[in-house]
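Below you'll find the structure, written out as structure tokens, and then a few comments.
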Protein chains: 2
Amino acid sequence: MTTKSIESASEVPAEAAGTFPVPRLDQQLCFALYSASGLMTKLYRPLLDPLGLTYPQYLAMLALWEHAPSTVGALGAALGLDSATLTPLLKRLEAGGLVTRRRDAADERRVLVEPTAKGQALRGRVKDVSSGLACSMPLEPGELKALHATVTRLVSRLRNATENAADCD
Amino acid sequence: MTTKSIESASEVPAEAAGTFPVPRLDQQLCFALYSASGLMTKLYRPLLDPLGLTYPQYLAMLALWEHAPSTVGALGAALGLDSATLTPLLKRLEAGGLVTRRRDAADERRVLVEPTAKGQALRGRVKDVSSGLACSMPLEPGELKALHATVTRLVSRLRNATENAADCD
DNA sequence: TCCAATTATTTTGTGCACGATTAGTTAGTG
DNA sequence: CACTAACTAATCGTGCACAAAATAATTGGA
């Protein structure tokens, strides 16, 4: 593992104050998560393409299949997305005939989103996505479960951290 | 709320009658990784803003501090990014005076990227980013280390899976 | 020498994501 | 009855990401 000492050999001309110990890319958890997320999206792409969905659109449909009708705000809270991201995404889903968007009669500020019949029909084809993916998951079941639990815990705590936004400055 | 919290460890029989058992959002590892990655980026933002860096730009600088000069292709391999993504990103770093881009004299096809003095100077201020972040990391050290190891293994295997692209169809 | 294949970068088009801003609705106050 | 405050969604500008096509230089033959 120790591939050190090649780095400082010649190319970097040794700053006056000396080179600071910068965190290495492969030691950063954030980079590992960033890479894993990107690769998962790439893994989903060929499965979602025939369904006419992008990965975030797939997540939105999952949330709507679980609970509908749903307001844009509630959907954003479930997915961790801003309304500025969600609105155009939902408009594309609406353009594809998968969801409907309508003002809530009781509170005209809200917009209710709901799968159409076509959107519901997509539900059956999603099983193939999950099963096709499970077979590509290159971890043992127990390991995978533990990973999911840990990441979920991390997410729930990061949510607090980013909300408070001034924990330790 | 308590709709059957069993994950149905084997296959799904219920072909008929309407609603198919769609995977729940909070049971999806991919969604957990997606959320974690997004939240990490959000957590970094206030720390990187004063440095004039976005999160992907920060990753690129980390890679360049480790090894420079570097070709665009090598950088893309290290970060898992396409050159079509990297080129405009590097141009913005160049516009900010943090890196230089020049053709390789030995092989005019390549473009070499290297931090400027200003880019090197940023190195010292990055320590604050790491330390500021470590304090917000809401996991125990051991747990964090295990998580990093598992995600790293997942990433390396996903890389193969996405390259081969036809493991189990 | 010239031409085809290879390699690397850039461009184009589509979509995701966020911060900041704007507009409209609802509710609470004087 | 305005008038204000809080809330919801939409809009604008910037930046990230990828696939596919276009561009450019190098290399390897015939």
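Everything quoted here is computed from the prediction, not taken from an experiment. Every heavy atom of this structure was used, including side-chain atoms; hydrogens, water molecules and symmetry mates were not.
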Quick one: does [X]'s side chain get under 4.5 Å of [Y]'s, heavy atoms only?
| X | Y | answer |
| --- | --- | --- |
| L29(B) | L33(B) | yes |
| M40(B) | L158(A) | yes |
| L53(A) | L93(A) | yes |
| L81(A) | L59(A) | no |

Nearest-angstrom distance from the residue atom [atom1] of [X] to [atom2] of [N]:
| X | N | atom1 | atom2 | value |
| --- | --- | --- | --- | --- |
| R45(B) | dT14(D) | CZ | P | 16 Å |
| L89(A) | dA10(D) | CG | P | 12 Å |
| Y44(B) | dG15(D) | OH | P | 21 Å |
| E108(A) | dA27(C) | CD | C1' | 16 Å |
| D104(A) | dA9(D) | CG | C1' | 13 Å |
| M40(B) | dC18(C) | CE | C1' | 18 Å |
| L75(A) | dA10(D) | CG | P | 12 Å |
| L90(A) | dG15(C) | CG | P | 14 Å |

Mind checking what makes side-chain hydrogen bond (donor to acceptor under 3.5 Å, both in side chains) contact with [X], not counting sequence neighbours?
| X | value |
| --- | --- |
| Y44(B) | Q28(A) |
| Q27(A) | none |
| E108(A) | none |

Checking all strands, does L86(B) fall into the base, sugar-phosphate, or nothing category for heavy-atom contacts under 4.0 angstrom?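 The answer is nothing, as L86(B) stays clear of every strand by at least 4.0 Å.
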For DNA chain C, which residues in residues 55-64 of chain A have a heavy atom at a distance below 4.0 Å? P56(A), Q57(A)
Where do N or O atoms of nucleotides 4-14 of chain C meet protein N or O atoms at under 3.5 Å, pair by pair?
unit_1: dT7(C); atom_1: O4'; unit_2: R109(B); atom_2: NH1; d: 3.4
unit_1: dT9(C); atom_1: OP1; unit_2: V72(B); atom_2: N; d: 3.3
unit_1: dT9(C); atom_1: OP1; unit_2: V111(B); atom_2: N; d: 3.3
unit_1: dT9(C); atom_1: OP2; unit_2: G73(B); atom_2: N; d: 3.1
unit_1: dT10(C); atom_1: OP1; unit_2: R101(B); atom_2: NH2; d: 2.5
unit_1: dT10(C); atom_1: OP2; unit_2: T87(B); atom_2: OG1; d: 2.6
unit_1: dT11(C); atom_1: OP2; unit_2: K91(B); atom_2: NZ; d: 3.2

Salt bridge or not between R101(A) and E114(A)? Use side-chain N to carboxylate O under 4.0 Å. no
Taking only residues two or more places apart in sequence, or in another chain, which ones meet R45(A) in a side-chain contact (heavy atoms from CB on, under 4.5 Å)?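 Counting only residues at least two positions away or on another chain, R45(A) forms a side-chain contact (heavy atoms from CB on, under 4.5 Å) with T41(A), D49(A).
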